[in-house]
Each structure stands twice: as structure tokens, then as C-alpha cells.
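Notes for the one structure printed next.
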Amino acid sequence: MINAPRGTNDILPPESAKWNYIESKAKYIFDLYNYDEIRTPIFEYTELFQRGIGEATDIVEKEMYTFEDKSGRSLTLRPEGTASVVRSFLENKIYGKAQPTKYFYIGPMFRYERPQAGRYRQFYQLGVEVFGTQDPMVDAEVIALGMAYMDILGLKDLQLYINSIGCPDCRPQYLETLTEYLNNNKDDLCDDCKNRIDKNPLRVLDCKNDSCQCVIKNAPKIIDHLCEECEVHFNSLQKNLKNINIDYELDPTLVRGLDYYTKTAFEVKYEGLGAQDTIFGGGRYDKLADEIGSKDIPGIGFALGIERLLLTLDKQDIDIPIDKSIDIYLTTIGLKAKNASFELLEKFRKKGIKAEIDYQDRSVGGQMKSADRMNATYTVIIGENELESGKATVRNMKNGEEQEIKLQSIVERIEKMI
RNA sequence: GUGGGUAUAGCUCAGUUGGAUAGAGCGCAGGAUUGUGGCUCCUGAGGCCGUGGGUUCAAACCCCAUUACCCACCCCA
């Protein structure tokens with residue numbers, strides 16, 4: 001017995017129908033906000049992620065599915081979507097067109113991690129990216145889009161957290177202040193955090209360790225150390241959010257795990273999810289395009305974990321409408337009738353009537369039961385008698401009423417009945 | 001990479017201090033209804049008790065190892 005690799009999942013019916021549902025709702029929202037789909041390769045040259053996401057991040061350090069192809073080039077299964085979309089934007093010179101450019105994507109991502117609730121090695125994200133504008137109103141639009149999506153799915157009790165993590169002008173100074181503070185309180189930090197002080201001090205803010213929390217609570221906040229440009233941007237974002245009645249909470253410890261973020265960072269969480277409670281998160285990345293392709297193109301976006309979205313829907317007992325039913329079930333008795341019915345079956349389908357037949361040679365009772373389970377509107381019963389008389393018995397499965405209908409005109413008759 | 005938990009029928013799970021022919025509900029198939037679903041009743045199929053060792057007269061149960069899954073740390077979607 002060969003199993004699916006660890007951290008991967010089969011998406012089977014009826015679960016797959018849920019995926020279709022939430023994807024179709026997402027596409028409705030994307031269209032409403034005028035975002036167009038982009039599809040990029042599932043693997044890229046490894047350098048793209050190394051440079052884009054950042055060498056010091058966990059993703060690049062230990063979570064990538066990297067392999068060599070036959071020519072010896074190093075390739076990597078995409079661990080996230082943004083780097084690829086930026087690469088594509090640059091490679092196809094989309095910056096030459098009128099800006100901004102608004103994309104959405106849906107697809108699988110890959111990270112080598114230990115699976116747990118809401119985390120898998122192959123997982124699915126849908127996300128949006130907007131290029132070519134620094135207008136903080138777009139930051140608000142992107143957040144609004146995400147919240148609108150949550151809304152249309154009927155989700156409640158979600159928390160939006162926002163923060164600004166500055167830019168290359170102000171962040172270094174803040175990092176100095178932070179590092180100094182952390183060093184002064186080093187004794188109260190956990191071992192991991194002690195290491196982080198030099199490696200990535202921002203990450204200390206994210207630590208859940210109790211003793212670290214005490215230190216973090218009084219740590220200098222980056223929003224108090226923003227340069228004027230970043231501060232204006234952040235204030236404007238907040239004004240825009242208030243304008244459109246989106247509730248948010250400032251979270252000075254929200255730093256995000258990828259290096260490319262600048263200014264706006266945000267996450268939307270649902271507390272009932274367990275340890276992995278972020279449904280979607282994102283932010284602004286004004287330096288990413290420069291990092292990847294030496295072109296100064298601002299961008300902002302978010303990524304949403306589809307599995308986590310489904311988990312949330314589940315936790316909140318939101319049932320997804322799945323209409324599993326058929327119009328006609330053909331019940332047959334004997335091979336002759338089965339052959340004649342098979343012809344009929346295709347005639348129904350050619351007319352767009354959803355029809356099914358029994359292939360298991362079940363008893364009539366079994367076939368009726370099967371029709372019932374499939375939620376058939378009508379059952380058409382054809383046996384020796386019907387073939388001789390040229391009339392089929394048609395049973396209304398709701399009320400049990402039956403009528404005889406000539407086989408010659410049955411498709412047209414039923415077309416009118418449903 | 002590190003901890004903790006779980007593993008018995010297709011699914012959800014019982015199975016006492018070690019002593020059966022390893023059970024139930026649901027699902028599936030057939031029948032009661034010579035060609036008619038839902039409700040009811042009856043019958044049936046389906047198990048190497050995760051895998052490999054060990055202890056014992058005797059192991060689903062005890063011990064060791066191993067694998068898989070789940071949860072958590074780390075980090076994120």
C-alpha cells in the first residue's frame with residue numbers, strides 16, 4: 001500500500017464541491033474588485049525565492065522543496081505566490097502598461113514542515129497582488145477585498161490586525177533601538193530569542209514564550225519610530241479603513257515571516273482555529289521587485305490559506321450549499337430494457353437533462369433506493385412490459401405519483417416536466 | 001528537528017484483571033413486497049486488532065522496537 005506523501009491530502013467528494021464553491025465565490029469577489037487571474041509555474045529557479053523571500057527566513061533556510069533538474073539547475077517548488085507573480089510582472093514587462101495592475105491567483109504551494117492542524121506540505125493559497133502604486137488607499141482596498149470575501153462566505157468573529165513595519169529608511173534605526181532594548185533584557189528571553197537578537201530581532205516580537213512576552217510588552221514599538229513617509233502612509237491607511245467601516249486592531253508585534261515586506265502588514269485571524277489561526281495575511285512590498293529584477297515597482301497583496309478557510313467554515317458551522325441531485329434515474333429490468341435505456345440515457349443528456357442508470361445489476365428495489373439516494377426527481381422504469389407497450393412508467397419521487405409516457409416522446413415530455 | 005497522543009470492519013467506536021468463534025451502530029448488498037425508494041423487520045458480505053520482535057500454557061490487551069496519522073513547539077497560509 002502506497003500512501004500519499006506526508007502533509008499532502010486528497011480532496012475527495014463531497015469535500016471537492018466545497019472547494020469549488022469557495023473558489024467560485026472568490027472569483028466573484030475578484031471580478032467585482034476588477035482583479036484578473038494570473039497563472040505562474042509551480043516551480044521556479046531557486047534563486048527567485050532565495051532573493052525574493054530572503055536567505056534568513058525559515059522558508060528559505062529549511063522549508064523549500066528544492067531539487068536539480070537533469071541539466072543541473074536548481075529548481076524549487078513554490079513556497080508562496082508573490083515572488084513568482086512579481087517575476088512574471090517584470091519578465092513580461094507589464095510595467096509598460098497603465099498602472100496599477102491587479103492580479104489574483106489560486107493554486108498549490110509547498111513547504112517542507114511538520115504537518116499539524118491547518119498546516120500541510122502541499123497547501124492551497126488564493127491571493128491578490130497589486131503593482132505600480134503606493135497609494136495607501138490600495139492597501140485599504142486589498143484588505144477590504146479580503147474582508148468582503150469573508151463576508152460573502154458568512155464568516156464571523158474574525159480579527160483584523162494591522163501594523164507598519166517601516167521601510168529601509170526607518171527600519172534600521174528602529175532595529176538598533178530594539179536590539180539595544182532586547183540586549184538590556186536578555187536574561188528574561190528564551191534561548192531562541194537570544195539568538196534572534198542578532199539574526200532577526202523583529203522576530204522576537206512574535207515569540208509566544210511567557211517571559212519573552214513581558215519583555216515584548218514594554219519593547220519600543222516600530223510605529224513610534226516610523227519615518228515621515230511611512231507614518232503618513234500608515235495613518236492614511238487607517239483613515240481609509242475607518243472610512244469604509246472596517247474594524248481593525250493595531251498589533252505592534254505583527255512582523256510577518258518574509259523579508260520583503262515594507263510599511264503595511266496585516267493578518268486576519270480566527271481564534272477558534274488552534275495554533276495556526278491566520279486565515280489570510282499580507283502586506284506591502286515596495287522593494288521586492290527591485291530585489292528580483294532591479295526595477296522599482298511597489299506592490300501589495302495578501303495570501304489566504306484555503307484549508308484554513310475551510311476549517312473556519314467548518315468551525316463556524318457554515319454549511320456550504322451543495323445541490324447533489326439528478327433529474328432522472330433509469331430503473332431497468334432485464335438486459336433488453338437496459339440496452340434500450342442506455343440509448344435513452346444519452347438522449348436525456350443531449351437535452352441537458354441530468355440522468356443516471358444502474359450499472360450494478362441491482363434489484364428493482366435496490367435501484368429505487370439508489371435513485372432515492374441520488375435525490376432523483378423522477379424515476380423512469382423500463383422492463384419487458386414497457387418495451388412491449390412502448391410506454392415507460394415515470395415515478396415522481398417526491399409524491400410517489402406514477403404515469404405512463406410513450407417511449408417515443410419521453411425525452412421531450414420530461415424536458416417539460418422538470 | 002523536538003515533545004505528547006492515537007492506531008480494532010468502508011466510517012464512528014466498544015472490547016473488564018491477559019483466558020471467545022473479536023463485537024455494536026452507521027454504511028453496503030439481498031429479502032419481507034413474483035417489477036417500486038424513504039419507515040420498520042430479517043439475513044448476509046466485510047478483520048492477519050498498524051508492522052516486526054519478545055514475555056506467557058495462552059496476547060487485540062503486557063514489554064521493546066518501528067511506521068503512519070493527529071496535536072503542539074519552531075514558523076507560517
Side-chain angles (χ1 to χ4, degrees), chain A residues 1-9 12 53 56-63 78-82 105-127 146 190-193 195-196 200 203 206-209 254-258 261 265-270 273-282 301-312 329 331-334 337 358 360-387 392-402:
Chain A
M1 183 58 201
I2 297 172
N3 294 58
R6 160 174 290 197
T8 67
N9 292 104
L12 306 165
I53 299 169
T57 59
D58 278 13
I59 291 177
V60 173
E61 267 183 359
K62 51 187 195 191
E63 294 173 3
R78 63 182 185 194
E80 57 101 50
T82 302
Y105 62 85
I106 299 180
M109 307 295 165
F110 306 84
R111 290 184 203 171
Y112 187 85
E113 295 180 274
R114 288 290 286 270
Q116 71 187 66
R119 174 197 295 165
Y120 310 97
R121 289 186 171 180
Q122 175 171 340
F123 60 103
Y124 291 77
Q125 287 188 333
L126 57 84
C190 68
D191 290 343
D192 282 335
C193 283
N195 291 327
R196 287 188 186 118
N200 197 341
R203 207 62 56 72
D206 219 14
C207 187
K208 282 145 200 146
N209 187 298
L254 171 53
V255 295
R256 320 264 322 138
L258 290 71
Y261 286 108
F266 62 92
E267 286 184 356
V268 170
K269 298 187 181 203
Y270 176 59
L273 271 189
Q276 315 302 328
D277 60 356
T278 302
I279 301 173
F280 68 94
F302 72 73
L304 176 148
I306 296 184
E307 289 87 349
R308 288 181 190 177
L309 180 63
L310 257 356
L311 280 175
T312 310
Y329 188 96
T331 293
T332 67
I333 303 132
D358 170 65
Q360 302 300 84
D361 291 332
R362 266 184 279 252
S363 65
V364 174
Q367 292 184 60
M368 295 305 289
K369 204 171 168 183
S370 187
D372 188 49
R373 273 197 313 260
M374 289 183 196
N375 221 337
T377 309
Y378 291 100
T379 302
V380 173
I381 302 166
I382 299 175
E384 298 289 331
N385 301 345
E386 283 77 4
L387 287 183
T393 306
V394 176
R395 181 183 179 86
N396 180 322
M397 295 299 277
K398 288 257 155 51
N399 55 26
E401 281 170 19
E402 292 189 356

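In what follows, every chain begins at residue 1, and chains take the letters A, B, ... in the order their sequences are listed.
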- Message: Among B/A68, B/A72, B/A77, which nucleotide has an atom closest to any side-chain atom of A/A275?
- Response: B/A72

- Complement of B/A14, any strand, by Watson-Crick or G-U distances under 3.5 angstrom: none

- Query: Considering Watson-Crick and G-U wobble pairs with both distances under 3.5 Å, what does B/U66 pair with?
  - Reply: B/G50

- Query: Are side-chain heavy atoms of A/I53 and A/P79 found at a separation under 4.5 Å?
  - Reply: yes

- Identify the nucleotide, in any strand shown, that forms a Watson-Crick or G-U wobble pair with B/G1, with both distances under 3.5 Å; if there is none, say none. B/C73

- Polar pair under 3.5 Å, donor/acceptor by atom type, side chain A/E113, base B/A77: yes

- Query: Within the stacking criterion (centroid distance below 5.5 Å, interplanar angle below 30°), does A/F280 stack on B/A77?
  - Reply: no

- Item | Side-chain donor/acceptor of A/R111 to base of B/A77, under 3.5 Å | yes

- Residues in salt bridge (Lys or Arg N to Asp or Glu O under 4.0 Å) contact with A/E113, at least two apart in sequence or another chain: A/R119

- Item | A/E402: partners by salt bridge (Lys or Arg N to Asp or Glu O under 4.0 Å), with sequence neighbours left out | A/R395

- Message: Over 60° means perpendicular and under 30° means parallel, so tell me whether A/F302 and A/F266 are parallel, tilted or perpendicular.
- Response: perpendicular

- Complementary nucleotide for B/U36 - Watson-Crick or wobble, under 3.5 Å: none

- Less than 3.5 Å between a donor and an acceptor, one on the side chain of A/E63 and one on the base of B/C74, is that the case here? no

- Item | Mate of B/U55 where both pairing distances stay under 3.5 Å, Watson-Crick or G-U | none

- Which whole number of Å gives the distance between the C1' atom of B/U43 and that of B/U55? 43 Å

- Message: Taking pairing as Watson-Crick or G-U wobble with both contacts under 3.5 Å, can you name the mate of B/G44, or confirm there isn't one?
- Response: B/C28

- When we call it a touch if two heavy atoms are under 4.0 Å apart, what does A/Y124 touch: a base, just sugar-phosphate, or nothing? nothing

- Query: Going by heavy atoms in the side chains, are A/Y112 and A/K62 under 4.5 Å from each other?
  - Reply: no

- Classify every nucleotide of nucleotides 28-43 of chain B by which part a protein heavy atom approaches to under 4.0 Å, writing B for the base, S for the sugar-phosphate alone and - for neither, in 5'-to-3' order. SSSS---BBBB-----

- Message: Any strand counts, and the cut-off is 3.5 Å on both contacts for Watson-Crick or G-U wobble. Which nucleotide pairs with B/A9?
- Response: none

